[in-house]
Amino acid sequence: MQRDRSEPTTRLPEHAAGWAFFLDIDGTLIQFAERPDAVRVGDGLPRLLEALHAGTGGALALISGRTVADIDRLFAPLRFPAAGQHGVERRDATGQMHRHSFPADAIRDVAARLEEFAIAHPGLVLEDKGYSLALHYRLAPDLGGAVRSVLEREAAALGAEFEVQPGRLVYELKPGGRDKGKAIEEFMAEAPFLGRTPVFVGDDFTDEYGFETVNRVGGHSIKVGAGDSAARWRIADAHAVHDWLAQWAHRFAEAGPNLTGVQNS
């Protein structure tokens with residue numbers, strides 16, 4: 001992945017109609033927790049996302065390393081268009097699920113071995129997503145090198161259909177050829193995203209694929225927090241993201257379902 005090493009500007013794009021929102025979750029909409037299952041979503045965030053979804057005529061999608069089922073659990077009873085496991089699975093605006101075809105059974109034995117590895121190394125947390133396996137070392141940051149080595153060994157044994165994806169204090173074994181950028185491309189080819197300006201907000205290395213995709217089509221890529229990035233804009237943290245999104249929702253709340261000015265067939 002080629003990355004633009006330039007520093008994103010701390011200014012943010014001027015709010016405008018005609019946008020389609022693509023939003024990462026962990027580190028972007030919600031603060032990180034020690035374990036993925038320990039995060040909590042307050043009442044205000046689902047209401048904000050619901051307002052954005054309505055204000056864009058449905059052109060809002062959540063783009064996450066989490067499974068779609070886990071995304072639904074976080075925001076229940078709301079069910080938004082979503083890409084899970086870095087695009088391995090995707091629910092479009094009609095509710096139809098799309099899943100990348102690959103030999104899922106191949107990683108079951110790997111899951112058992114990684115569980116044993118995590119038990120033997122206190123502080124590691126294995127997240128089994130079905131199609132991918134994430135080994136978190138947030139509670140044991142000194143084990144990052146060991147985590148990477150064991151996952152790279154497993155990936156090599158599985159073959160070219162799998163790859164290791166680095167993230168923030170996590171390495172993930174996942175199907176190759178899928179990423180957040182490809183998920184955004186797929187959404188943008190469909191109503192109600194088609195013809196709109198994509199806006200992607202993310203914080204992690206895995207979001208760089210989405211930033212590059214959005215940049216190529218003249219959209220707005222927004223990096224949350226510090227660090228080198230291909231994103232063209234910068235925002236401080238999840239609280240600032242909420243405030244900025246709320247400004248957009250408030251500004252266009254009275255414009256009704258046609259505020260985007262985009263005609264989709």
Side-chain angles (χ1 to χ4, degrees), residues 1-5 24-28 32-37 63-68 70-71 83-90 99-186 200 202-213 223 225 227-231:
M1 178 177 57
Q2 297 298 317
R3 297 174 62 190
D4 181 354
R5 314 299 288 191
D24 173 51
I25 297 176
D26 294 273
T28 297
F32 281 104
E34 291 184 345
R35 299 176 56 97
D37 57 1
I63 313 291
S64 179
R66 290 178 179 268
T67 65
V68 170
D70 199 26
I71 293 170
Q85 302 187 65
H86 311 285
V88 174
E89 55 178 359
R90 187 176 67 90
R99 290 187 172 89
H100 181 54
S101 178
F102 78 104
D105 292 343
I107 63 172
R108 291 302 91 208
D109 289 342
V110 178
R113 289 194 292 273
L114 292 183
E115 181 65 32
E116 294 177 357
F117 183 79
I119 291 172
H121 295 82
L124 297 185
V125 177
L126 176 65
E127 184 183 8
D128 187 343
K129 306 177 186 181
Y131 290 84
S132 57
L133 302 168
L135 197 51
H136 299 262
Y137 57 97
R138 182 171 299 276
L139 298 176
D142 57 315
L143 292 177
V147 169
R148 178 175 181 174
S149 293
V150 72
L151 286 184
E152 287 181 341
R153 184 169 64 249
E154 295 288 0
L158 287 172
E161 291 184 292
F162 292 85
E163 65 185 10
V164 175
Q165 171 69 65
R168 183 172 296 184
L169 295 175
V170 62
Y171 285 100
E172 188 163 354
L173 180 65
K174 60 180 282 292
R178 304 299 301 175
D179 58 58
K180 293 182 178 182
K182 290 183 173 62
I184 291 173
E185 287 179 345
E186 290 169 349
F200 179 48
D203 74 299
D204 203 351
F205 180 85
T206 61
D207 299 314
E208 294 297 321
Y209 298 98
F211 294 152
E212 292 180 346
T213 294
K223 162 79 171 177
D228 184 57
S229 177

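Because the structure is a prediction, the values reported are computed rather than measured.
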### Summary
Between the CD1 atom in I71 and the CD1 atom in I25, the distance rounded to the nearest 0.5 Å is 4.0 Å
### Nearest non-hydrogen partners of L173 and A155, listed with the distance
CD1-CB, 3.6 Å
### Query
With side chains defined as the heavy atoms from C-beta onward, is the minimum distance between T206 and K180 less than 4.5 Å?
yes
### Message
Looking at every heavy atom in both A140 and P122, which two are closest together, and how far apart are they?
### Response
CB-O, 3.9 Å
### Query
Can you find a heavy atom in the side chain of L135 that is under 4.5 Å from one in the side chain of F117?
yes
### Message
Restricting to side chain to side chain contact (heavy atoms under 4.5 Å, CB included), what partner residues turn up for R99, sequence neighbours left out?
### Response
E89, M97, Y131
### Task
State the CD1-CD1 distance between I63 and I184, to the nearest 0.5 angstrom.
5.0 Å
### Task
Please state whether the rings of Y137 and Y171 are parallel, tilted or perpendicular, taking 30° and 60° as the class boundaries.
parallel
### Message
So does R168 get a backbone contact from the side chain of D204, meaning a donor-acceptor N/O pair under 3.5 Å?
### Response
yes
### Message
Counting C-beta onward and ignoring hydrogens, is there a side-chain heavy-atom pair between E161 and P175 closer than 4.5 Å?
### Response
no
### Message
As a test of understanding, state which of E172, K182, R66 forms a side chain to side chain donor-acceptor pair (under 3.5 Å) with H86.
### Response
E172
### Summary
When rounded to the nearest 0.5 Å, the distance separating OG of S149 from CG of L143 is 11.0 Å
### Query
Looking only at atom types and distance, does a side-chain atom of K129 sit under 3.5 Å from a main-chain N or O of D70, one as donor and one as acceptor?
no
### Query
Is there a side-chain contact between H136 and E127 (heavy atoms, below 4.5 Å)?
yes
### Task
Identify the heavy atoms of S229 and A231 that sit nearest to each other, and give their distance.
OG-N, 2.9 Å
#### Entry: L169 CG to L139 CG distance, which is reported to the nearest 0.5 Å
9.5 Å
### Task
To the nearest 0.5 angstrom, please state how far the CD atom of E208 sits from the NZ atom of K223.
6.0 Å
### Query
Looking at R153 and V150, what are the two nearest heavy atoms and their distance?
NH2-CG2, 3.2 Å
### Message
Quick check: do D203 and D26 have side-chain heavy atoms less than 4.5 Å from each other?
### Response
no
#### Entry: Closest contact, heavy atoms only, D128 versus A111
OD2-CB, 3.8 Å
### Task
Taking the side chain as every heavy atom from C-beta outward, state whether R108 and L133 have any atom pair closer than 4.5 Å.
yes
### Message
Quick check for you: to the nearest 0.5 Å, what is the distance between Q165 atom CD and L151 atom CG?
### Response
11.5 Å
### Message
Holding to side chain to side chain contact (heavy atoms under 4.5 Å, CB included), I want the full list of residues that pass it with E152, two or more places apart in sequence or in another chain.
### Response
R148, V164
